[in-house]
S.K.: 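This is the structure, below, for whatever I ask next.
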4 protein chains.
Amino acid sequence: MTESDESPEEMLARVRASFDRQAMMSTLGVEVTAVKRGHVLMSLGHDERFTQQHGFMHAGAVASVLDTACGYAAYSVMPPDAAVLTATYTVNLMAPAAGKRFTITGEVVRAGRTLVVCRGEAFADGGQRPFAVMQATMTAVYGKAGLSG
Amino acid sequence: MTESDESPEEMLARVRASFDRQAMMSTLGVEVTAVKRGHVLMSLGHDERFTQQHGFMHAGAVASVLDTACGYAAYSVMPPDAAVLTATYTVNLMAPAAGKRFTITGEVVRAGRTLVVCRGEAFADGGQRPFAVMQATMTAVYGKAGLSG
Amino acid sequence: MTESDESPEEMLARVRASFDRQAMMSTLGVEVTAVKRGHVLMSLGHDERFTQQHGFMHAGAVASVLDTACGYAAYSVMPPDAAVLTATYTVNLMAPAAGKRFTITGEVVRAGRTLVVCRGEAFADGGQRPFAVMQATMTAVYGKAGLSG
Amino acid sequence: MTESDESPEEMLARVRASFDRQAMMSTLGVEVTAVKRGHVLMSLGHDERFTQQHGFMHAGAVASVLDTACGYAAYSVMPPDAAVLTATYTVNLMAPAAGKRFTITGEVVRAGRTLVVCRGEAFADGGQRPFAVMQATMTAVYGKAGLSG
C-alpha cells in the first residue's frame with residue numbers, strides 16, 4: 001500500500017461516509033467508536049431481534065460487525081480511490097455472545113495493493129478475553145463503475 | 001455419530017423447534033425450504049435494512065444464513081439430546097449478493113460425536129454458480145444446563 | 001476469467017511445467033494423476049518421514065498437497081501469462097490421515113480475474129468419505145518480474 | 001481448562017516428548033526455541049527440498065510449522081492426560097516465504113475443555129511484520145486408546 005497524502009481527518013471522513021451507507025450497521029445499531037489508520041473500534045448492544053436459539057446474540061450478528069470492523073480497518077489504509085470488499089474470513093466463536101454490550105475491534109495485519117489481511121476480536125461487557133476472533137482477507141477494488149467506499 | 005431411532009418427522013420437528021427460536025432468522029425473514037438428514041435449504045429475500053455500502057445484501061447477512069443452514073444440517077444428524085453451536089467457519093464471498101431472492105444450502109461433510117464439518121453455498125435468483133461458499137465446524141454440546149436445540 | 005485460445009494439451013503442459021518446479025512435491029513423492037480445466041487429482045503415499053506424533057501422516061503434509069491441488073486447479077483456468085499464489089486456505093482435518101495411499105482433489109468453485117476460489121478433498125485408500133477438506137483462495141499474479149507458473 | 005498441578009518443567013518435558021515423535025518436524029529441520037504455557041516459538045531454515053515453483057519455501061511447509069506451533073501452544077495448557085489434534089486452521093500467506101531462517105510463533109487465544117483456539121505468526125530473517133498468519137482450532141482428545149501426546 002503506497003503512502004497517500006490524505007490527512008487523518010480526510011481518512012476518517014471517508015470511512016464514516018462509507019459506514020453510514022451500510023444499512024445493516026444502522027439496523028444492528030452498531031456505532032463506530034474509534035478509527036485510526038489500520039485500527040477500528042465498534043460497539044454493538046444486545047438486541048432481542050438478533051438472537052439465536054439459546055437467547056444469545058447470533059454468531060452472524062457478531063461476525064457481521066467483526067467483518068465490518070476488519071473491512072474499515074483495511075479501507076482506512078487503502079488509497080482514496082479504492083473500494084473495499086470482503087474476499088473471505090474465518091471466525092471462531094469461542095464462547096456465547098453473552099452480555100449487554102460488545103466491543104469489536106478490527107486491525108490490519110499486512111496490506112498489499114489488492115489484498116489486505118486483518119484480524120478482529122469481540123469482547124463482552126468490558127471483558128479482557130475475546131469471545132470471538134476473526135482472520136479476514138479484504139480486497140481493494142479500483143475503477144469499478146458504481147463502486148465506491 | 002451413532003444411529004438414532006428418531007424418525008424423519010421427529011428430526012424435522014426438532015430442527016423447526018430450534019430454528020423458530022432464532023429471532024435473528026425471523027428478523028432477516030429467512031425461511032426453511034427443505035430439511036433432510038444432513039441437508040438443509042433456506043431462502044432469504046433482498047431487504048434494504050440489511051445492505052452494505054454498495055446496496056447489495058451485507059456479507060454478514062448472507063454468512064448468518066449460511067452459518068444457520070450449516071448448523072441445522074449438523075443438528076439434523078446429532079442425537080436428540082445434543083445442542084448445536086458454531087465453533088468456526090470460513091466464508092468466501094465470490095461476487096456481491098446481487099439479486100431479489102437467495103437460496104442457501106447447508107450439508108454435512110462428515111460428522112463425529114462432538115464435531116460436525118459442513119459446507120454451505122449461496123445462490124442468487126436461481127443461478128447455478130454459488131456467489132458465496134462456507135466451510136463450517138459445528139460442535140455438539142451435551143448436558144449443558146439450559147442449552148437445548 | 002476471460003476465455004483463452006490455449007488448447008487442453010498446452011494447459012496440461014503449463015501445469016506440469018510448474019508442478020515439476022515444486023521441489024516440495026517431489027520430496028513428498030506426490031504424483032499428478034489427472035488434470036482437466038478446473039480439476040486436479042493428486043496422489044500421495046504414506047511416508048514415515050512426514051508423520052506426526054501418533055504415526056499418521058502430518059496434517060501439514062496433507063494440507064500441502066490439498067493446497068497444491070487447489071493451486072493447480074486454479075492455475076489451469078488462469079490465462080497463460082499469470083502466475084498462481086495461495087492467498088489463504090482453511091483446512092478441516094476430520095479424521096487422522098490413516099492409510100497407505102491418499103487421493104487428493106482440487107477443483108475451482110468460481111474464478112475471477114485475480115481471485116480464484118477452490119475446494120479440495122483428501123481420501124484414504126479408496127475411501128468414499130473425505131478425511132480432510134479445504135476451501136482455498138488463490139491469486140493470479142500478472143507481470144511480476146521473475147514470477148511465472 | 002482446569003488448573004493442573006503440573007510444574008513448568010513437567011509441561012515442557014511433555015511437549016518435547018510429543019514433538020520429538022513428530023517425524024515431519026525433524027525431516028523439515030524444525031527446532032523448538034521456547035515454550036511457555038500457551039506460547040511456543042519454533043525455527044525453520046530455508047531448505048531446497050521444500051520449495052515451491054518460484055523457489056520460495058512452500059506454503060505447506062510454513063503452514064505445517066505454524067500448525068505445529070499452535071498445536072503445542074494448545075497442548076501446553078491441556079491436562080496431562082489429553083492428546084492434541086488439529087481440527088481446522090486458516091492460514092493467510094501475505095508474502096512469499098523469502099529468507100534464510102523463519103521464526104514461527106503459536107499462542108493460545110482461549111482454551112475450553114475440548115477446543116483450544118490459537119493464533120500463529122511466521123517471520124523471515126528477524127523481520128517485524130509476519131509474512132503468514134494462522135487462526136487454528138485444536139481438539140483435546142481424552143482416553144482414546146493408543147493416542148497420547
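These values consider heavy atoms only, across backbone and side chains, with no hydrogens, waters or symmetry-generated copies. Residue numbering restarts at 1 for every chain, and letters A, B, ... go by the order of the sequence lines.
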S.K.: Tell me, for A:T68 versus chain B, whether the close heavy atoms (under 4.5 Å) come from the side chain, the backbone, both or neither.
M.R.: side chain
S.K.: With a 4.5 Å cut-off on side-chain heavy atoms, are B:L85 and A:H54 touching?
M.R.: yes
S.K.: With chain B as the partner chain, list the residues of residues 58-67 of chain A whose heavy atoms fall under 4.5 Å from it, by residue number, and write 'none' if nothing qualifies.
M.R.: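 From residues 58-67 of chain A, the residues near chain B are A:H58, A:A59, A:G60, A:A61, A:A63, A:S64, A:D67.
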S.K.: Can you pull out the residues in residues 97-109 of chain B with any heavy atom less than 4.5 Å from chain A?
M.R.: none
S.K.: Roughly how far, to the nearest 0.5 Å, is the CE atom of A:M57 from the CE atom of B:M24?
M.R.: 7.5 Å
S.K.: What parts of residues 125-136 of chain A touch chain B if we use heavy atoms and a cut-off under 4.5 Å?
M.R.: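 Residues of residues 125-136 of chain A touching chain B at under 4.5 Å: none.
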S.K.: Would you say A:Y72 and B:Q53 make side-chain contact, with heavy atoms under 4.5 Å?
M.R.: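 Yes. Closest side-chain heavy atoms under 4.5 Å.
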S.K.: Quick check for you: among A:Q52, A:M25, A:Q22, which has the greatest number of heavy-atom pairs under 4.5 Å with chain B?
M.R.: A:Q22
S.K.: Just by distance, do the side chain of B:T27 and the backbone of A:R49 share a donor-acceptor pair under 3.5 Å?
M.R.: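 Pair found, side chain donor or acceptor close to backbone of A:R49.
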S.K.: Under 4.5 Å, heavy atom to heavy atom: which of residues 87-96 of chain B reach chain A? Give them by number, or say none.
M.R.: B:A87, B:T88, B:Y89, B:T90, B:V91, B:N92, B:L93
S.K.: Could you tell me which portion of A:E48 (side chain, backbone, both or neither) has an atom closer than 4.5 angstrom to a non-hydrogen atom of chain B?
M.R.: backbone
